[in-house]
Amino acid sequence: MSADRGDAIRLGPFLVRAGKNEVEAFRGETGALGAVPFTFPVRWLADPHVRAAAIEMLGETWVPIHESQTFDYVVPLERDTDYRLTLEMSREIAPPRLILRAEVARQTGERCLDMEMVLRIIDLSGNGRGAPEP
Amino acid sequence: MSHENSPRLGEKIASRRLCFGLADLAAYAAVSGDDNPIHLDEALAERAGLEAPPVHGMLLMAAFEPAIAAWRADWILQKLSAKFLRPVLAGEQVEFSGRVVEVGTYVLLRLLAHNEKREIVVIAEATLTQRSADAAP
């Protein structure tokens, strides 16, 4: 496995919020409980800015397969409250992976949650590689 | 810590079986924002070497939360880590289970999800801390 941390980019901070309607819809599909379901913040990793950065890093002819995920809470999140999301995105070449590390903090700066998402990259370009080289 | 009412080493949480169909994957994509087409497009899944669209890893991971809450509402989930070892395809039945592997000031659960062939598809660990008396459940 080779890691290319030189490719790491930082994103954010973005303002994020677990709104009532989004929380209720998420609960309905997952059976999750709590004011904000434990895995709800994964929604924020689907932000268009994050997606655009991944496309910039990897090109467009790939799909991600989820390899691992961690949520590590300092304190539970509250509904209808603004938080700051900051991310670091990096890639590994062999095998090809995209790694997202994210921190969710209060507007005042206190850390609430760390997330890590590891995605295996499946190349769809037909060139036999997992993902295009940078 | 070893209170009379604390979880016991080896104690199991109630297992549950779930099956996610294509409509479930579409609904989860809508509420999670994860519209990765491999979960929704059968032809694309086939191009990736799968017989059917795979269930979102996060939908599988999310299934542990209500199972843990139903087991012990007096303990709060603080950390959850999961590795997705094999794809679970739409329409496959999955069994979720877990047991206590450490008890201290926190409780550590080893969580597993098996497919119909009894292969482990997700292995996870959950760290729980005791809910304070004034915290809402």
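Here is how names work: the chains are called A, B, and so on, in the same order as the sequence lines, proteins then strands, and each is numbered from 1.
With chain A as partner, the option from B:Ala62, B:Gly57, B:Pro37 having the largest number of non-hydrogen pairs under 4.5 angstrom is B:Ala62. Comparing B:Ala63, B:Pro66, B:Ala82 by heavy-atom pairs within less than 4.5 Å of chain A, the highest count is held by B:Ala82. Contact tally against chain A (heavy-atom pairs below 4.5 Å) for B:Asp24, B:Leu77, B:Ile123, B:Thr129: the top residue is B:Leu77. Comparing B:Phe64, B:Phe84, B:Tyr28 by how many heavy-atom pairs each has under 4.5 Å with chain A, the most go to B:Phe84.
For B:Arg131 and B:Asp74, the salt-bridge test fails: no basic side-chain N is under 4.0 Å from an acidic carboxylate O. Here B:Lys117 does not pair with B:Glu92 in a salt bridge; the nearest charged N to carboxylate O distance is not below 4.0 Å. Ion pairing of B:Glu125 with B:Lys79 is absent here, as no side-chain N (NZ or NE/NH1/NH2) approaches a carboxylate O to less than 4.0 Å.
Linking ILVMFWY residues whenever their side-chain heavy atoms come closer than 4.5 Å, directly or via other members, leaves A:Val36 and A:Leu33 in distinct clusters. Note: the hydrophobic cluster containing B:Leu112 does not contain B:Val94 (ILVMFWY, side chain heavy atoms under 4.5 Å, direct or indirect links).
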**OP:** Would you check, one step at a time, whether the test side-chain hydrogen bond (donor to acceptor under 3.5 Å, both in side chains) holds for B:Glu95 with B:Asn115?
**Re:** CA-CA 7 Å; B:Glu95 181 174 9; B:Asn115 63 15; over 6 Å; no
Subject >> Verdict with supporting geometry, B:Ser97 and B:Ser15, side-chain hydrogen bond (donor to acceptor under 3.5 Å, both in side chains) >> reply: CA-CA 4 Å; B:Ser97 62; B:Ser15 64; over 6 Å; no
Subject >> Stepwise salt bridge (charged side-chain N to carboxylate O under 4.0 Å, His left out) check, A:Arg51 with B:Asp35 >> reply: CA-CA 11 Å; A:Arg51 198 170 297 200; B:Asp35 58 358; 2.8 Å; yes
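Looking at B:Leu85, there are no atoms closer than 4.5 Å to chain A (heavy atoms on both sides), in backbone or side chain. Residue A:Gln69 touches chain B through both its backbone and its side chain, counting heavy-atom pairs closer than 4.5 Å. Of the atoms belonging to B:Glu65, it is side-chain heavy atoms, and not backbone ones, that fall under 4.5 Å from chain A. Proximity to chain A is limited to the side chain of B:Leu59, based on heavy atoms less than 4.5 angstrom apart.
When atom types are taken as modelled, the side chain of B:Gln93 and the backbone of B:Glu116 share no donor-acceptor pair closer than 3.5 angstrom.
A distance of 13.5 Å separates OG1 of B:Thr127 from OH of A:Tyr73, quoted to the nearest 0.5 Å.
Residues of residues 37-47 of chain A that come closer than 4.5 Å to chain B, counting heavy atoms only, are A:Pro37, A:Phe38, A:Thr39, A:Val42, A:Arg43, A:Ala46, ordered by residue number.
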